[in-house]
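Taking it in order: structure first as structure tokens, then the write-up.
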Amino acid sequence: MGRPVWRDVLEWVQLGPEERAALGSSGGNPTRATLRLWGRIAAKEAVRRLWLEQGGAAVFPADFAIDTDAHGRPTLRSLLETERQDLPAISIAHTDGVAVAIASLDPSARVGIDVERLVERSAGFEANALLDSERTLLDALAPSQRAEWVARIWCAKEAVGKATAFGLLGGPLGIETVSLDAHTGILAMVLGAELSEACPALAQSRIEVYTARRSEYIWACTLGEGSAR
Ligand SMILES: CC(C)(COP(=O)(O)OP(=O)(O)OC[C@H]1O[C@@H](n2cnc3c(N)ncnc32)[C@H](O)[C@@H]1OP(=O)(O)O)[C@@H](O)C(=O)NCCC(=O)NCCS
């Protein structure tokens, strides 16, 4: 059987011609193509809702396109006002069965989002993905909370990596959690040397990241805001 008809319908309603072509060439993996489609729908919907809240005119999802830069960061482009530069900043994430997105009306906002399924991690995961200082933060939590907070920190690192536009450049130890609040789910993170050099705009910040759990999924997002280091 070919791909489901709903995929074709969604693609034609939600995407412009270039996006459809790009999605069609995303490696031939239909599950990945579906997640990428959902991510684009989520991002466009976030943008449309922000514009509507501001009293802007309704636009169709296919009236703007989502491009990706050389590092994979998604950016918005209007197909109606091709010269327009002041489009919202967006970020996208997907994992099996879920896609999420965040948008900011401020085009220069450093937005980042991630979503992961809460799974049992191997014994070596913490050692590879977390700094000693982060494991000390986790030691202060109840042991029953640890797996969830490991996942929150991991998601937060990916969200911050996306906010820099360079991902986990230098690996996951290149972003450090300097505080966590188990009641609000808010973390503060700082960039290591490699990412600081790549993204000077965030180099001097304690970047605020919001994390939450919904069912078996953990997500994290940031607008790149925070206090000075
Ligand atoms: C960017 C990165 C964090 C994405 O994480 P992931 O778990 O692979 O995928 P997610 O579902 O969370 O997110 C995928 C989305 O991230 C976005 N993305 C990819 N690269 C990005 C970047 N450099 N900046 C901002 N957003 C990016 C894209 O929108 C992508 O969705 P799309 O392909 O449908 O457009 C990760 O791939 C990364 O760090 N890559 C670069 C560095 C690297 O490869 N390091 C390896 C050592 S760990």
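Order of listing sets the numbers, starting from 1, for every ligand and every atom in it. Keep in mind it's a predicted model, so treat the numbers as computed, not measured.
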How far is [atom] from the closest protein heavy atom, and which atom is that?
{"atom": "atom 32 (P) of ligand 1", "answer": "Arg36 NE, 3.5 Å"}
{"atom": "atom 15 (C) of ligand 1", "answer": "Ile92 O, 3.3 Å"}
{"atom": "atom 5 (O) of ligand 1", "answer": "Glu158 OE1, 3.3 Å"}
{"atom": "atom 19 (C) of ligand 1", "answer": "Gly72 O, 3.2 Å"}
{"atom": "atom 35 (O) of ligand 1", "answer": "Arg40 NH2, 2.9 Å"}
{"atom": "atom 1 (C) of ligand 1", "answer": "Gly167 CA, 3.9 Å"}
{"atom": "atom 48 (S) of ligand 1", "answer": "Pro172 CD, 4.0 Å"}
{"atom": "atom 9 (O) of ligand 1", "answer": "Lys162 NZ, 4.5 Å"}

Heteroatom proximity flag, [X] to ligand 1, N/O under 3.5 Å:
{"X": "Ala165", "result": "yes"}
{"X": "Gly171", "result": "no"}
{"X": "Thr68", "result": "no"}
{"X": "His71", "result": "yes"}

Practice task
Would you check, one step at a time, whether the test side chain to side chain donor-acceptor pair (under 3.5 Å) holds for Asp106 with Ser104?
Solution key: CA-CA 5 Å; Asp106 175 2; Ser104 167; 5.2 Å; no
Problem - Test item, Thr95 contacting ligand 1 (heavy atom, 4.0 angstrom) - result: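 No.
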Exercise for the section: Answer yes or no for Pro74: is there a heavy-atom contact with ligand 1 below 4.0 Å? Expected result: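 For ligand 1, residue contact (heavy atoms, under 4.0 Å) with Pro74 is present.
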Exercise for the section: Could you give me the CA-CA distance, side-chain angles and deciding distance for Thr34 and Arg7, then say whether side chain to side chain donor-acceptor pair (under 3.5 Å) is met? Expected result: CA-CA 7 Å; Thr34 296; Arg7 258 272 301 281; 2.8 Å; yes
Problem - Protein heavy atom under 4.0 Å of atom 44 (O) of ligand 1 - result: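 There is no protein heavy atom less than 4.0 Å from atom 44 (O) of ligand 1.
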Practice task
Return yes when at least one protein heavy atom is under 4.0 Å from atom 26 (N) of ligand 1, and no when none is.
Solution key: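 Under 4.0 Å from atom 26 (N) of ligand 1, at least one protein heavy atom found.
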Strictly below 4.0 Å, N to O, side chains only: are [X] and [Y] in salt-bridge contact?
{"X": "Asp139", "Y": "Arg146", "answer": "yes"}
{"X": "Arg117", "Y": "Glu216", "answer": "yes"}
{"X": "Arg121", "Y": "Glu126", "answer": "no"}
{"X": "Arg206", "Y": "Glu225", "answer": "no"}
{"X": "Glu19", "Y": "Arg77", "answer": "no"}

Exercise for the section: List for me each residue that meets ring pair (Phe, Tyr, Trp, His ring centres under 6.0 Å) alongside Phe125, sequence neighbours excluded, and say none if there are none. Expected result: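 Trp154.
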Handout entry: Arg32 contact mode with ligand 1 (heavy-atom cut-off under 4.0 Å)
Key =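 Side chain only.
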Handout entry: Region of Leu168 that comes within reach of ligand 1 [heavy atoms, distance under 4.0 Å]
Key =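 Within the 4.0 Å criterion, Leu168 contacts ligand 1 through backbone and side-chain atoms alike.
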Practice task
Can you sort out which atoms of ligand 1 are near Asp114, meaning under 4.0 Å from one of its heavy atoms?
Solution key: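 Answer, ordered by atom number: 12 (O).
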Handout entry: Pairs touching residues 162-180 that satisfy side-chain hydrogen bond (donor to acceptor under 3.5 Å, both in side chains), sequence neighbours left out
Key =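 Those involving residues 162-180 are Ser133-Glu176, Glu134-Thr177.
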Handout entry: Shortest non-hydrogen separation from Ile175 to Leu131 and the atoms involved
Key =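 Heavy-atom minimum between the residues: O-CD1, 4.0 Å.
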Handout entry: Heavy-atom check, side chain of Val47 versus side chain of Phe64, under 4.5 Å
Key =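 Yes, close enough: below the 4.5 Å cut-off.
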Handout entry: Nearest candidate to atom 34 (O) of ligand 1, where distance is taken over non-hydrogen atoms, out of Arg73, Glu116, His94
Key =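 Looking at heavy atoms only, the winner is His94.
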Problem - More than 12 heavy atoms of other groups within 6.0 Å of Glu197 CD - result: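 Open: at most 12 neighbouring heavy atoms sit under 6.0 Å from CD of Glu197.
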